[in-house]
Amino acid sequence: MTPAPDPSSVADTTPAELEQALAAATAAAPAFGTAEPAVRAGWIRAVADALDAASAELVPIAMRESSLPEARLTGEVARSTGQLRMFADVLEEGSLLEVVIDTKDPQAKPVPRPDLRRVLVPLGPVLVFAASNFPFAFSVCGGDTASALAAGCPVIVKAHPGHPELSVRTAEVMIEALAAAGAPEGTFGLISGFDVGVTALKDPRITAAGFTGSVPAGKALHEIAVTRPEPIPFYGELGSLNPVFVTRAAIDARGKDIATGYVGSFSLGVGQFCTKPGLLFLPAGHGLQDQLSEAAGGVAEAPMLNDRIKDGFTSGLGRLEKIDGIRVWASGGATLLQTTVPELLARRDEILEECFGPVSIVVEYGSHDELVQALEAFEGNLTATLHAEESDAELAQELLPKLTARAGRVLWNGWPTGVAVSWAQHHGGPFPSSVGSIHTSVGVTAARRFQRPVAYQDAPDAVLPDVLKDSNPAGISRRVNGTVTTGEVSR
């Protein structure tokens, strides 16, 4: 169900239209969720192909609505279609289902073991709240949508008001592709309107939700999800400061490169990345003030995603600049602020509040103890970075466990902006960076959020799902009696 597009606005979904979308997704769930892995993979690839084919039409719409450049948005389309194809490949190969078979063993101790066959099954219709800062990669055709479809769940996306026309047209392309490929009607739908999204989240037919956005909005939606008569999982990516810690040895070895890389990272995309480094911790006497200020002052001004985000950034920056102990080193296209660890600790809650946009804070530490105290002041983050040298091995061994306790991705001598879509990626972290730190919203295992395990005990082969049958007709990868194989099973 897709509201008619309007270049200036998109009307909120009506109650009747929402009911139609929910009913269609519910009706589609059994057939979509039980389709053979290769068949579902084919449907997902069809969506990827259609989006690639429509890129020349979609990108200009995104440019008009988001103020993002063509090259960035073209790359986003490729990222979106690439992750769809990645999920299709993994689904077809079988790993996404995590099939585990333990055959009957009458001699097992201390008691005989029955025949047990476990597989991950889809939860059912999933509601996705689209993000504003990535009109493709975290929006209608983004990672939450791709992973939920791969898991076998019909998806309803709540469009973001920052790019309404793009949302409608993207949804149309996806719906048409799914229908042409033979997917059940209702596999994918789009709704619009804040209140409509809340109503959908409360509906008992929705079995899980994904969200990328602010901490207040995420917490409010999470509260709704977990206090329903039947609570559901809510996977929210909320806010992150992504601190970067630099040792004296790293400054001595490559201080100028660190300064240049830091400014490039926090100003990338006008500072509107969820992995933007918000604070850089440098040893006192680092000598990089001039280079950092010059690099930040040389960043060209660029429009932000929309007026609401710009207003929020202006307000947040004004708040930071008024805090006692905060000094302005550079301003313009990117703003660079400075403080010290004692001042940060004295005003922790004020300084460690995310400001979404092109601003970052250099924090100078005067001793080892101050460095550790600063690190321990942080709550959960998507990322944490350490720039160090081999001579810092002992210090790194002390700091890395502390960083690990506070972040979902720990970087060594790199920059957090840029999230590779891969098997090993983890994009999530302890609260408030995300709700549900055991899961990722990027990478293959993102699909695990929308699945649950079911084990069949002593079921005859004839009634089992094909992926659990002795003959393994789909030829997928399975773990049988502890060994990964694509072969048949002997009872």
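In what follows, residues are counted from 1 in the order of the sequence shown. Nothing here was measured: the structure is a model prediction, and the numbers come from that model.
- Side chain of Arg228 to backbone of Ile224: no donor-acceptor contact under 3.5 angstrom is found.
- Using a distance-only test at 3.5 Å, with no hydrogens or angles considered, no donor-acceptor pair links the side chain of Thr440 to the main chain of Gly428.
- Shortest non-hydrogen contact noted between Phe273 and Arg72 is CE1-NH1, 3.4 Å.
- Counting only distance, with no hydrogens or angles, the side chain of Ser55 and the backbone of Asp52 share no donor-acceptor pair below 3.5 Å.
- Side-chain contact between Ile476 and Leu97 is present, with heavy atoms from C-beta onward closer than 4.5 Å.
- Remark: the backbone N or O of Arg448 is not paired with any side-chain donor or acceptor of Thr445 at under 3.5 angstrom.
- Looking at Ser265 and Thr417, their side chains do bring a donor and an acceptor atom within 3.5 Å of each other.
- When only modelled atom types and interatomic distance are considered, Ser433 and Asn381 share no side-chain donor-acceptor pair under 3.5 Å.
- Environment of CD in Glu185: sparse, with no more than 12 heavy atoms of neighbouring residues, nucleotides or ligands closer than 6.0 Å.
- Using modelled atom types, one finds no donor on one side chain facing an acceptor on the other under 3.5 Å when comparing Ser441 with Asp144.
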Give every donor-acceptor pair under 3.5 Å between a side-chain atom in residues 22-37 and any protein atom, sequence neighbours left out.
residue : atom : partner : partner atom : Å
Thr26   : OG1  : Leu22   : O            : 2.8
Thr34   : OG1  : Pro30   : O            : 2.7

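- Remark: Arg348 is not positioned above the aromatic ring of Phe378, lacking an NZ or CZ atom under 6.0 angstrom from the ring centre and at most 45 degrees off the axis.
- Although no hydrogens or angles enter the test, the distance criterion places no donor-acceptor pair under 3.5 Å between the side chain of Gln83 and the main chain of Ala146.
- Side-chain contact, Thr275 with Asn242: no donor N or O sits under 3.5 Å from an acceptor N or O.
- Residue pairs meeting the ring-ring contact (aromatic ring centres under 6.0 Å, His included) criterion with at least one member in residues 461-491: none, sequence neighbours excluded.
- With Ser192 contributing its side chain and Thr13 its backbone, the two residues share no donor-acceptor pair below 3.5 Å.
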**OP:** Please assess Asp49 against Arg85 for the test salt bridge (charged side-chain N to carboxylate O under 4.0 Å, His left out), listing each intermediate value before the final yes or no.
**Re:** CA-CA 9 Å; Asp49 292 344; Arg85 293 188 178 96; 2.8 Å; yes

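- Of all heavy-atom pairs between Met86 and Val421, the closest is CE-CG1, 3.5 Å.
- Heavy atoms only, all atoms of each residue included: Phe313 and Gly357 are closest at CD1-CA, 3.7 Å.
- Annotation for Glu57: atom CD counts as buried by contact number, over 12 foreign heavy atoms lying within 6.0 Å.
- For the pair Lys469 and Arg117, the tightest heavy-atom approach, listed with the atom from each and the gap, is C-NH1, 4.0 Å.
- Phe266 and Tyr262 have tilted rings, their planes meeting at an angle from 30° to 60° on a 0 to 90° scale.
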Subject >> Residue pair Phe138, Glu237: steps toward the side-chain contact (heavy atoms from CB on, under 4.5 Å) verdict >> reply: CA-CA 11 Å; Phe138 282 88; Glu237 181 191 321; 4.2 Å; yes

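- Within the 3.5 Å criterion, the main-chain N or O of Gln272 finds a donor-acceptor partner in the side chain of Asn133.
- Across Leu375 and Phe245, no two heavy atoms sit closer than the pair CA-CZ, 3.8 Å.
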**OP:** Tell me, with the steps shown, if Leu279 and Leu352 meet side-chain contact (heavy atoms from CB on, under 4.5 Å).
**Re:** CA-CA 9 Å; Leu279 297 100; Leu352 297 184; 3.9 Å; yes

Subject >> Verdict with reasoning, Arg169 to Glu172, per salt bridge (charged side-chain N to carboxylate O under 4.0 Å, His left out) >> reply: CA-CA 5 Å; Arg169 186 64 192 117; Glu172 287 178 338; 2.9 Å; yes

Original post:
Does the salt bridge (charged side-chain N to carboxylate O under 4.0 Å, His left out) test come out yes or no for Arg319 and Glu350, once each step is laid out?
Top reply: CA-CA 9 Å; Arg319 177 189 60 79; Glu350 295 176 89; over 6 Å; no

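- Side-chain atoms of Gln451 come within 3.5 Å of backbone N or O of Leu96 as a donor-acceptor pair.
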**OP:** Verify side-chain contact (heavy atoms from CB on, under 4.5 Å) between Trp415 and His387, making sure each step is shown before the conclusion.
**Re:** CA-CA 9 Å; Trp415 301 107; His387 277 265; 3.6 Å; yes

Show me, pair by pair, the donor-acceptor contacts under 3.5 angstrom made by side chains of residues 300-312, not counting sequence neighbours?
residue : atom : partner : partner atom : Å
Asn306  : OD1  : Arg308  : N            : 3.2
Asn306  : OD1  : Ile309  : N            : 2.8

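- Between Tyr235 and Phe450, the two ring planes are perpendicular [angle over 60°; tilted spans 30° to 60°].
- Side chain of Gln425 to backbone of Val442: no donor-acceptor contact under 3.5 angstrom is found.
- A donor-acceptor pair under 3.5 Å is absent between the side-chain atoms of Ser267 and the main chain of Pro358, judged by distance alone.
- Residues Ser167 and Leu190 approach most closely at O-CD2, 3.6 Å, considering heavy atoms.
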